[in-house]
Every structure is written in structure tokens, then in C-alpha cells.
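Read the structure below first, then the notes.
If you're wondering where the values come from, they're calculated on a predicted model, not measured in any experiment.
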Amino acid sequence: MLALLGPETRTEHIGWATVTLSLYLPIATHWLITVFDKAVGARAAATPMLVGSKGSRLDLALHGLYFRSRDGDDVPYREYTALKETGLATIIPLHVRYTAGGQSVVGTMPNYFRLRKLRIASGVGLSLPGDCVLGVEAAAKLDLSPGDKLKTDRDNLFDLAGDYPLQLNVKGVFAPKGTADDEGVFVSLKTSWIIAGIWHGHDENDETPAGSKLLKKHLEITPENVDSFHSHGDSAEFPLTVISLFPHDEKATALLLGRYGDHETLQALKPPIVVAEM
């Protein structure tokens with residue numbers, strides 16, 4: 001369009017465009033920052049404390065709040081048990097290592113759904129190992145609904161001798177919340193440990209010695225084979241990737257933070273503070 005105008009007119013239009021951009025770009029930037037700050041701040045405020053392995057505080061915060069992948073050591077399940085025994089907070093364990101259809105598979109306990117006020121919009125909740133409930137955005141992206149199947153992604157596509165993907169049974173879809181929960185594929189902790197190969201099952205005719213690399217892994221868990229699943233390790237050492245804490249009061253918060261002040265392998269942080277720094 002500008003090519004059809006004379007040189008002076010083109011210069012005038014470009015000048016006005018430059019002035020317009022210089023006026024509205026800061027406004028648009030400020031608006032985007034405000035929206036981002038409100039959304040992230042609200043999620044952080046709803047999660048008072050996180051415990052995870054030592055490393056980047058920001059990575060741990062994003063992992064605990066948004067299920068982002070994180071290179072870090074696991075947190076042993078015994079840490080969750082020890083925190084629960086303090087009686088200082090509501091404690092929620094999370095295991096987020098794998099994906100299904102590119103969406104994060106979130107292994108957790110039912111109290112997570114109650115605390116986050118997640119409501120089933122269609123279908124039912126988790127019942128058996130191998131069940132999953134999808135966030136509304138995950139269900140839309142994967143085009144899945146209750147009754148469908150969803151396979152977990154291979155951790156390493158080039159490891160042909162690795163564990164087979166687990167076929168998850170889609171049991172329900174959560175109502176929209178406008179949070180990271182809308183993007184998740186939620187399973188029980190036991191299911192996430194089955195994906196990790198910590199729990200496994202045997203065919204009735206399988207005579208492979210326990211612990212053998214040739215041990216058969218089930219591709220799908222059904223009511224008929226669910227009782228065959230078991231583990232050989234110490235459950236106290238089963239992995240978590242992060243623990244969410246909801247202290248009962250300020251004194252409990254201080255005591256729990258102090259618990260990890262000099263810890264060799266773990267750290268505790270307050271997401272609102274980390275997000276404010278970000």
C-alpha cells in the first residue's frame with residue numbers, strides 16, 4: 001500500500017507508525033508482564049513450600065508448580081513419610097518424570113486433587129493402577145475422552161531393549177481450572193512407579209527369575225492382572241521428584257524451612273519468594 005503513495009506521504013505514514021509503536025509497545029509489554037505475574041504469582045501463592053533435591057531453585061519451583069522437567073536427583077519416599085509424621089503441614093508427594101503424548105505424567109495422591117479443588121467434569125476418578133485422569137487441555141490436545149487408551153512415551157527412543165510403554169486407561173477429565181493442572185496426565189504414585197519399572201507384573205507362565213533383565217513388563221494393567229504387580233525394592237527408597245508442603249501456620253513454616261537449612265542433598269523453598277525473584 002505504501003508503495004502506491006508518494007515519497008512524502010510514505011515518510012509521513014512511517015513516522016506515524018513509529019510513533020504509534022513507541023506509544024503502544026510499552027503498554028502492551030506492561031500488560032503482558034502484569035498478566036504473567038498474576039498467573040504465576042497465584043500458582044506460587046497456592047503452593048507455600050516445596051522440597052526437592054539441591055540444585056537450581058528456579059528449576060525446582062517450575063517443576064513443582066508447572067511439572068516442567070528437571071535434571072535432579074530423586075527424593076526418597078521416606079522423606080515424605082518423615083514430613084507427614086511431623087504433623088506440621090499437609091504433605092503431598094509428586095513423581096513427575098515421564099510423559100504421555102508429550103504431556104507430563106503426574107504421579108500423586110488423592111489429596112492433591114482435593115487441595116487443588118480439581119473436579120471431574122466427565123468420567124470417573126482413579127481406581128486401579130494404570131488409570132489416568134486428564135486435565136482439560138491435555139484431553140483436547142490428545143483428542144481423548146473417558147474410555148480411551150493413552151500410551152506413555154519412551155524415555156529413550158533408541159533404547160529398543162528398554163521398558164515397554166505402559167498403556168493408560170483414561171477414566172476421566174477434570175473441569176478447567178486455568179492452571180497448569182489443565183495440562184497434566186494424572187496417575188497414582190504406584191502407576192508412575194510401574195512406568196519407571198519399579199513395580200512390575202508377571203504372566204502366570206512366566207518363569208523368568210526375579211530381577212532378571214528379561215523380566216516381562218505388562219503393557220496394560222487390567223483387573224485380571226493387577227494383582228500380579230509387585231516390587232522387590234525397599235518402598236522407603238522409592239523415588240519422588242518433589243514434595244509440596246502446606247504448613248498449618250507460620251511457626252510450622254519456620255520449623256520446616258529450618259529442617260533443610262543444612263541438609264546435604266535436599267532443599268526447601270517458598271515458591272512465592274522464588275517467583276518474586278524471577
Side-chain angles (χ1 to χ4, degrees), residues 50-53 60 63-64 67-84 91-101 103-113 125-135 138 149-156 159 161-172 184-203 206 208-244 265-266:
L50 295 171
V51 169
S53 63
L60 176 58
H63 179 74
F67 316 132
R68 300 304 183 197
S69 60
R70 177 177 186 250
D71 293 328
D73 295 329
D74 292 322
V75 181
Y77 186 77
R78 57 180 158 77
E79 194 66 29
Y80 158 74
T81 303
L83 284 169
K84 189 175 179 181
I91 314 295
I92 299 179
L94 294 167
H95 182 268
V96 190
R97 281 284 185 218
Y98 303 98
T99 59
Q103 303 299 120
S104 294
V105 175
V106 183
T108 189
M109 291 183 169
N111 57 350
Y112 180 89
F113 310 135
L126 303 176
S127 177
L128 294 173
D131 291 349
C132 71
V133 177
L134 307 179
K149 307 290 185 180
L150 172 63
K151 285 185 180 180
T152 59
D153 302 324
R154 278 186 178 273
D155 192 36
N156 184 350
D159 182 12
D163 292 341
Y164 291 108
L166 176 66
Q167 184 163 271
L168 300 172
N169 303 308
V170 180
K171 304 299 288 187
V185 175
F186 293 91
V187 302
S188 66
L189 277 178
K190 185 174 181 180
T191 298
S192 69
W193 290 333
I194 291 172
I195 297 171
I198 297 169
W199 280 74
H200 50 251
H202 297 279
D203 281 342
D206 187 1
T208 308
S212 169
K213 292 182 179 180
L214 298 177
L215 188 69
K216 182 176 179 180
K217 307 293 192 301
H218 286 274
L219 291 175
E220 183 176 8
I221 305 170
T222 66
E224 290 73 31
N225 68 25
V226 65
D227 290 337
S228 75
F229 280 81
H230 61 282
S231 67
H232 296 287
D234 181 0
S235 61
E237 301 301 320
F238 286 179
L240 304 171
T241 57
V242 65
I243 302 174
S244 296
T265 59
L266 301 177

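The existence of a salt bridge linking R78 and D234 is excluded, since no basic side-chain nitrogen approaches an acidic carboxylate oxygen closer than 4.0 Å.
Judged by distance alone, the side chain of D153 and the main-chain N or O of G101 form a donor-acceptor pair under 3.5 Å. Panel note: side chain W193, backbone P239; a donor-acceptor pair is recorded below 3.5 Å. Looking at S188, its side chain never comes within 3.5 Å of a backbone N or O of T108 through a donor-acceptor pair. For the pair N225 (side chain) and E220 (backbone), a donor-acceptor distance under 3.5 Å is present. At distances below 3.5 Å, not a single donor-acceptor pair connects side-chain atoms of S192 with backbone N or O atoms of H95. Remark: the backbone N or O of G72 is not paired with any side-chain donor or acceptor of S53 at under 3.5 angstrom. Using modelled atom types, no side-chain atom of H63 and backbone atom of S69 make a donor-acceptor pair closer than 3.5 Å.
Two residues are said to be in side-chain contact when any heavy atoms from C-beta on lie closer than 4.5 Å; L128 and I221 fail this criterion. No side-chain heavy atom of L240 sits less than 4.5 Å from a side-chain heavy atom of P76. Using a 4.5 Å heavy-atom threshold, the side chains of T191 and D131 count as separate. In this structure, the side chains of L126 and P110 stay at 4.5 Å or more apart for every pair of heavy atoms. Inter-residue side-chain proximity for R70 and V96 is flagged as unmet; no heavy-atom pair is nearer than 4.5 Å. Looking at M109 and I92, their side chains never come closer than 4.5 Å, going by heavy atoms from C-beta outward.
By the neighbour-count criterion of 12 heavy atoms within 6.0 Å, atom NZ of K151 is sparsely surrounded, having that number or fewer from other residues, nucleotides or ligands.
When all heavy atoms of G52 and V75 are compared, the pair lying nearest together is CA-CG2, 3.8 Å. Between V187 and C132 the shortest heavy-atom distance is CG1-CB, 3.7 Å.
Note on ring orientation: taking the six-membered ring where Trp is involved, the planes of F238 and W199 are perpendicular (angle over 60°, cut-offs 30° and 60°).
Here OH of Y80 is found 8.5 Å from CG of L189. Values are rounded to the nearest 0.5 Å. Summarising the geometry, atom CD belonging to E79 is positioned 10.0 Å from atom CD1 belonging to I91; distances are rounded to the nearest 0.5 Å. Interatomic distance, CD1 of I195 versus NZ of K190, reported as 13.5 Å (0.5 Å rounding). With rounding to the nearest 0.5 Å, the separation of NE2 in H232 from CD1 in I198 is 12.5 Å. How far CG of L150 is from CG of L166: 9.5 Å, rounded to the nearest 0.5 Å. T241 OG1 to D73 CG: the interatomic distance, rounded to the nearest 0.5 Å, is 12.0 Å.
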Fill in: Derivation of the side-chain contact (heavy atoms from CB on, under 4.5 Å) call for L50 and S244
CA-CA 5 Å; L50 295 171; S244 296; 3.5 Å; yes
